[in-house]
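See below for the structure under consideration.
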Amino acid sequence: MTGPSESGRFSDGPRGGRSGDAGRGGDRDRGRPERGERPGHRGDGPPREGRFGADRRGGARRPVRPAVDLPRHVAYQAIAAVHRDDAYANLVLPAMLRDEGLTGRDAAFATELTYGTLRHTGTLDAIITDAAGRDVQRIDPPVRDALRLGTYQLLHTRVPAHAAVSSTVDLVRTVGPGATGFANAVLREVAGRDSDGWVAKLAPSEETDPIGHLALAYSHPQWIVRAFAEALGGDLRETARLLIEDNERPPVHLCARPGLADPVVLADEVGGAPGAFSPYAVYLSGGAPGELAAVTEGRAHVQDEGSQLVANALAVAPLDGPDGRWLDLCAGPGGKAGLLGALAAERGARLTAVEVAEHRARLVAQATRGLPVTVVHTDGRTVGADPKLPEGHFDRVLVDAPCTGLGSLRRRPESRWRRQPSDLPPLTRLQRELLTAALRAVRPGGLVAYVTCSPHTVETHVTVTEASRRCGFPVDFVDARPLLPAGMPGLGDGPTVQLWPQRHGTDAMFLAVLRKG
């Protein structure tokens with residue numbers, strides 16, 4: 001990995017140089033009071049510990065002059081953790097916000113910068129490459145992440161350009177002190193165009209390479225854009241709508257557990273609104289849902305409305321004969337098991353929740369505490385070999401199969417850059433094996449719901465068709481559309497259902513319901 005002082009359009013200026021005279025006024029320019037002091041290693045001495053540094057004379061401790069305001073510092077640290085450690089933003093960012101005591105507008109600003117930068121990384125990198133005159137991968141990783149953060153502010157926020165540039169140069173002075181002049185020059189080049197101007201310069205022609213154009217314009221890998229377009233029947237206009245929706249910050253959805261919480265009452269309690277489709281959904285405008293009393297008390301849990309809909313579809317599907325033994329074959333981390341367990345409690349049924357990963361099995365146990373749920377830590381493919389998973393025993397079976405997660409990119413923005421087409425063969429093989437195991441587990445006449453949070457056709461239609469053809473049992477497809485709330489638009493021709501962010505405001509969940517003959 002080469003350093004930022006190597007050849008390119010710009011060379012580093014004098015050490016310690018900075019752009020403009022705005023200082024750390026980015027937040028002040030946004031109409032917010034400037035945050036308190038930020039400690040840390042500024043590149044001109046040993047790292048300092050704690051929020052306040054000791055007086056050289058050994059007397060009272062005094063504030064340390066910050067390298068950059070706290071929200072930007074937290075956003076940078078979260079972005080760096082994602083790229084350096086393969087961390088997940090939805091896990092590391094909340095912890096960092098708590099550790100730094102950031103709340104309200106400061107926490108919202110840090111969250112916007114983190115998720116926005118991660119969502120737009122591909123296009124930001126193309127712009128930085130052009131502005132710097134060198135491939136972005138040749139820039140040292142700490143400086144590269146700082147430039148991504150600064151470029152996002154310039155092109156996608158209302159932060160004034162001088163504040164975005166100066167605050168990013170301040171950040172580079174801390175994480176890559178020899179690259180301040182380089183960063184200043186690159187960001188000033190970026191600031192010469194708005195986002196549309198950069199797309200017009202860098203994106204392939206819409207006429208000759210529509211997939212490449214959409215990929216750069218809306219910051220998705222080309223293979224994902226191509227998969228989305230195929231799943232949408234080649235409709236590039238709707239594909240663009242989906243990509244735009246993927247780049248929006250999604251609302252938080254709660255699931256009011258049946259028998260434990262009424263969604264209308266819960267919406268009033270949490271300051272939200274009842275969901276549009278799921279009878280259990282509540283929409284939140286923001287905040288920290290994990291701290292809500294309803295969540296900590298087990299009356300509700302955080303769950304996308306699409307996940308609620310597909311789990312509930314299995315529960316409401318007509319079934320002849322006994323209906324007391326339910327199975328969730330891939331239960332971690334426990335959201336769908338929590339909803340199914342609450343529904344089972346109302347109907348005198350019992351749910352067996354299977355999870356292969358030990359730590360996720362613990363999460364399932366925690367999520368279903370107090371419900372008629374038995375958690376089994378094993379591989380779901382062991383049906384028939386494990387005495388706890390006998391063949392032909394269960395009445396309803398859910399297979400929420402491991403998948404690429406392409407349907408939840410708006411919630412996990414870093415996933416679009418981590419997933420590769422090479423991930424598909426082992427995943428689809430696992431999906432077929434799990435669905436085949438589910439068909440062994442269900443009794444004749446019983447129901448299996450196959451669910452993925454991906455619209456990729458090889459994870460949806462191809463997997464279901466191949467598994468049902470090869471399983472060795474007679475299998476009929478149940479039309480899943482009537483199992484969803486009446487009036488839902490855009491459910492297609494059946495018998496399977498694909499939900500979409502741009503149509504339904506949900507993650508892109510796929511649902512197929514099979515009845516064993």
Side-chain angles (χ1 to χ4, degrees), residues 3-5 8-35 38 40 42-44 65-80 106 109-110 112-114 116-118 120-121 123-134 136 138-199 201-202:
S5 60
R9 179 176 300 171
F10 304 117
S11 61
D12 293 345
R15 299 293 175 94
R18 58 186 296 151
S19 63
D21 56 0
R24 294 167 188 83
D27 292 326
R28 191 161 46 247
D29 289 325
R30 294 177 72 251
R32 299 194 289 112
E34 190 164 299
R35 290 293 304 180
R38 171 70 213 172
R42 297 176 55 79
D44 56 357
R65 183 168 177 263
V68 68
D69 65 276
L70 198 49
R72 287 185 176 91
H73 175 85
V74 168
Y76 169 80
Q77 293 295 340
I79 293 164
D106 285 333
F109 185 44
E112 176 193 1
L113 294 182
T114 301
T117 302
L118 292 173
H120 291 273
T121 293
T123 302
L124 297 177
D125 282 0
I127 293 168
I128 292 168
T129 292
D130 188 85
R134 73 178 71 164
V136 72
R138 294 184 56 224
I139 301 172
D140 279 348
V143 177
R144 183 168 66 223
D145 282 332
L147 288 173
R148 288 164 170 163
L149 182 60
T151 300
Y152 176 77
Q153 291 175 73
L154 285 168
L155 302 181
H156 296 283
T157 75
R158 291 177 294 178
V159 174
H162 69 274
V165 172
S166 63
S167 63
T168 304
V169 171
D170 284 344
L171 178 59
V172 170
R173 183 174 292 109
T174 298
V175 302
T180 53
F182 169 74
N184 177 55
V186 170
L187 291 169
R188 289 189 176 279
E189 181 76 10
V190 170
R193 290 182 174 86
D194 62 11
S195 179
D196 290 342
W198 278 110
V199 169
K201 179 182 181 183
L202 299 178

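Note that these values count all heavy atoms, side chains included, but never hydrogens, waters or copies made by symmetry.
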Work out which heavy atom in [X] is nearest to a heavy atom in [Y]; give both atom names and the distance.
X: V172; Y: A183; answer: CG2-CB, 3.8 Å
X: A110; Y: P71; answer: CB-O, 3.5 Å
X: A164; Y: G150; answer: CB-O, 4.4 Å
X: A163; Y: V159; answer: CB-CG1, 4.0 Å
X: T114; Y: A75; answer: OG1-CA, 3.3 Å

Does any part of the side chain of [Y], heavy atoms only, come nearer than 4.5 Å to the side chain of [X], both counted from C-beta?
X: L187; Y: F182; answer: no
X: V190; Y: I127; answer: yes
X: R72; Y: L171; answer: no

Could you work out, with side chain to side chain contact (heavy atoms under 4.5 Å, CB included) as the rule, every residue matching S195, not counting sequence neighbours?
L155, H156
List the steps and the verdict of side chain to side chain contact (heavy atoms under 4.5 Å, CB included) for Y76 and T117.
CA-CA 10 Å; Y76 169 80; T117 302; over 6 Å; no
Can you tell me how far the [atom1] atom of [X] sits from the [atom2] atom of [Y], to the nearest 0.5 Å?
X: L149; Y: D145; atom1: CG; atom2: CG; answer: 8.5 Å
X: T151; Y: L124; atom1: OG1; atom2: CG; answer: 6.0 Å
X: D170; Y: T180; atom1: CG; atom2: OG1; answer: 10.0 Å
X: R144; Y: I128; atom1: CZ; atom2: CD1; answer: 9.5 Å
X: R188; Y: H162; atom1: CZ; atom2: NE2; answer: 10.5 Å
X: L202; Y: T129; atom1: CG; atom2: OG1; answer: 9.0 Å

Within the side chain of [X], is there an N or O that forms a donor-acceptor pair under 3.5 Å with the backbone of [Y]?
X: D140; Y: V143; value: no
X: R193; Y: W198; value: no
X: T123; Y: H120; value: no
X: T121; Y: L118; value: yes

